[in-house]
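Encoded as structure tokens, the structure appears first; notes follow it.
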Amino acid sequence: MTRITCWKTLSETNRSPIFGFLVLPSSKLAILEPCSSLRARGHRLLSCLLFSGVALLCLQITSFLRLFVVKTDRVVWRIGETATSEQLGLSTVALAHSSPRQKDIMKLGKLSRDPFLMAQSTVRIAFVTGAARGIGEAIALRLADDGLDVAVNDIASKGEELAAVVKAIEAKGRRAIAVPGDVSSEEETIAMIDKVVKVLGGLDVMVANAGIFRIELSLLDTSVEEWETTMATNVRGTMLSFKHAARQMVKQGRGGRIIGACSYAGKKPMLSAASYNTSKFAVRGLTQSAAMEFAKYDITVNSYAPGAILTPMILSTDDAINGGPANTFLKYCGIPTDVPKADPPVVAGLVSYLVKPEAYFVTGQCININGGILFD
Ligand SMILES: NC(=O)c1ccc[n+]([C@@H]2O[C@H](COP(=O)([O-])OP(=O)(O)OC[C@H]3O[C@@H](n4cnc5c(N)ncnc54)[C@H](O)[C@@H]3O)[C@@H](O)[C@H]2O)c1
């Protein structure tokens, strides 16, 4: 304890960054106690000099190798680029746990990637589909707050809304581009990912959020065309986003995060929504299949399964006569209108966590976020 204090004092005098594995919570740092004997003082001074010397030597090696260094509560990604530890999703204490033992523990799981290595890439790049409004927009803005550069997609007719999202991300100090296109087309998906890589420099996070909900009176009357339209966006579109994002991530060789949009309806079917229910059950299957397949590339794959989130998808002009926001949709789907409802940033918060380096051990999950209306 005294040694750490002494070392810290000298480090501050030298204005030197502090090594992650040497950082302790400031509560544990105390001021040097006065020493009673001359011999004890000499002993302490010697220990201080020795410790400080080792710290400075480590710093030089780190700078040379361009590894992590920690300046109290701030993390240097690469020399010259900074982000708060909150943006990285790593606490100083978490950073302090880089012992060989912990690395061994990480390697016991299928995902052996050291979260330190993942965060070493300068600024991570995310691609969010269906981001002109609703949950996708909230996710894009949240990832920008977390320090990622973000490409946003939606169908071509939503160009104006997409441009506004790009502006909002740029206002947060992050880079952003709009990549309009239809996620159900393989050609367009490939072209969109190519553009993200070309303009922003890579792809670390894919959020396959785009989805549609179409009113169906009954399965008895559902036409093949209606069925195919829902499947094309919700299933094929998600599959194509997963596939081509993963191809890029494998090429880059630094792992990645893939996240899909499932639903409450992907776990418990809603009335009058057979194709939607089926499409979201498929997203769960896809999430699990992709997680198994991509684990060896250090890519985690998860999906979110929201309950009632107040977006244009479930809001209606008839809500006023039905007693409140989303009640028309809920009645139509046979769900009680008094279920808890939330706003899109609630889902964005979950995605923010899944994207963080510390979530490396979460994969293949379809995570409920529904106010408690359904448990697995
Ligand atoms: N809102 C909810 O309560 C809720 C609940 C569960 C799951 N979800 C799922 O979350 C996702 C987002 O939902 P939301 O509520 O924000 O919906 P939303 O309708 O508000 O937004 C979805 C966006 O996706 C875009 N989109 C549709 N088809 C596309 C395509 N082929 N290519 C590119 N973009 C396309 C739309 O234009 C729209 O801007 C969807 O997959 C939805 O199924 C929503």
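Just follow the structure's listing: the first ligand is 1, and inside any ligand the first atom is 1. Note that the coordinates shown come from a computational prediction; the quantities given were computed from them, not determined experimentally. Both backbone and side-chain heavy atoms feed into the values below; hydrogens, waters and symmetry mates do not.
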*Do Lys172 and Asp145 sit within salt-bridge range, that is, some charged N less than 4.0 Å from a carboxylate O?*
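Yes, Lys172 and Asp145 are salt-bridged.
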*Are Glu186 and Lys243 ion-paired here, with the side-chain N under 4.0 Å from a carboxylate O?*
yes
Which residue owns the protein heavy atom closest to [atom], what's the atom, and how far is it?
atom	answer
atom 15 (O) of ligand 1	Thr311 OG1, 2.5 Å
atom 40 (C) of ligand 1	Asn209 O, 3.3 Å
atom 29 (C) of ligand 1	Ile155 CG2, 3.7 Å
atom 2 (C) of ligand 1	Ile309 O, 3.6 Å
atom 35 (C) of ligand 1	Ala210 CB, 3.7 Å
atom 32 (N) of ligand 1	Val183 N, 3.1 Å
atom 19 (O) of ligand 1	Arg133 NH2, 2.7 Å
atom 5 (C) of ligand 1	Gly307 O, 3.2 Å

*Would Asn277 and Lys267 satisfy side-chain hydrogen bond (donor to acceptor under 3.5 Å, both in side chains), going step by step from the backbone distance to the final call?*
CA-CA 8 Å; Asn277 298 333; Lys267 303 212 177 179; over 6 Å; no
I'd like to check which ligand 1 atoms, numbered from 1 as shown, lie under 4.0 Å from a non-hydrogen atom of [X].
X	result
Ile314	3 (O)
Asp182	30 (C), 31 (N), 32 (N)
Asn153	33 (C), 34 (N)
Gly181	32 (N), 33 (C)
Ile212	27 (C), 28 (N)

Heavy atom of [X], distance to ligand 1 below 4.0 Å:
X	answer
Ala232	no
Pro312	yes
Lys280	yes
Cys262	yes

*Could you tell me whether Ile135 and ligand 1 have an N or O pair separated by under 3.5 Å?*
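The answer is yes, given that Ile135 and ligand 1 share an N or O pair closer than 3.5 Å.
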*Backbone or side-chain N or O of Asp154 under 3.5 Å from ligand 1 N or O*: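 N/O-N/O distance under 3.5 Å: yes.
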side-chain contact (heavy atoms from CB on, under 4.5 Å) partner of [X], chosen from [options]:
X	options	value
Val355	Asp146, Asp204, Leu148, Thr300	Leu148
Val166	Val152, Val179, Ile177	Val152
Leu354	Ile259, Val301, Thr363	Ile259

*Heavy-atom closest contact (Leu219 atom, Ala274 atom, distance)*: CD1-CB, 3.8 Å
*asked:* I need the minimum non-hydrogen distance between Leu350 and Ile367, along with the two atoms involved.
replied: CD2-CG2, 3.9 Å
*Taking the six-membered ring for Trp and the full ring for Phe, Tyr or His, determine whether the centres of Phe329 and Phe213 are under 6.0 Å apart.*
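Judged by ring-centre distance (under 6.0 Å), Phe329 and Phe213 do meet the cut-off.
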Does a side chain donor of either [X] or [Y] reach within less than 3.5 Å of an acceptor in the other side chain?
X	Y	answer
Ser352	Arg142	yes
Asp318	Thr328	no
Asn209	Tyr304	yes

*Examine the proximity of ligand 1 to Tyr276 and report which part, side chain or backbone, both or neither, has a heavy atom under 4.0 Å away.*
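For Tyr276, only side-chain atoms sit under 4.0 Å from ligand 1.
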